[in-house]
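This one's a predicted model, so the numbers in the text were calculated from it and none came from an experiment. When reading the values below, keep in mind they use all heavy atoms of this one structure, side chains included, and skip hydrogens, waters and symmetry mates.
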Amino acid sequence: MRALWRSFTKRADREGWSSARLLAALAAQEVTDRKRRRFERHRAEAKLPHGKTLDNFDFTVSKARVGVLASGDIWLE
C-alpha cells in the first residue's frame, strides 16, 4: 500500500472516487500483491524447476494415478 497510495489517490481525485472506493482499491491491490509474493516465496522454498507443469510431466508411472494425486489431498492419508 505504501508504494501505491500516491498513484491511487491521484486517480481517485481525477475520477471522483469516494473514500470507501479508494480504500477498497488499495486493499484489493494489497491482497493481490500478497498472494503473488506468497506464491513466489513458496515456489522458491520448494526449489521446483521453473515451468514444470502436469502437461509436460513424464507419466510413465501412471497418468491416472498422478492425476488423482494432483486433484486432491486424499494421498496425504
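Partners of R14 under the side chain to side chain donor-acceptor pair (under 3.5 Å) rule, at least two apart in sequence or in another chain, do not exist in this structure. Applying the side chain to side chain donor-acceptor pair (under 3.5 Å) rule to R36 yields the partners E40; only residues at least two apart in sequence or on another chain are considered.
To the nearest 0.5 Å, atom CG of residue D13 and atom CZ of residue R11 are 12.5 Å apart.
No donor-acceptor pair under 3.5 Å is formed between the side chain of D33 and the backbone N or O of E30.
Chaining together hydrophobic side chains whose heavy atoms lie under 4.5 Å apart places L22 alongside M1, L4, W5, F8, W17, L26.
Heavy-atom contacts from other residues, nucleotides or ligands closer than 6.0 Å to CZ of R41 number more than 12. A 6.0 Å sphere centred on CZ of R37 holds more than 12 heavy atoms belonging to other residues, nucleotides or ligands.
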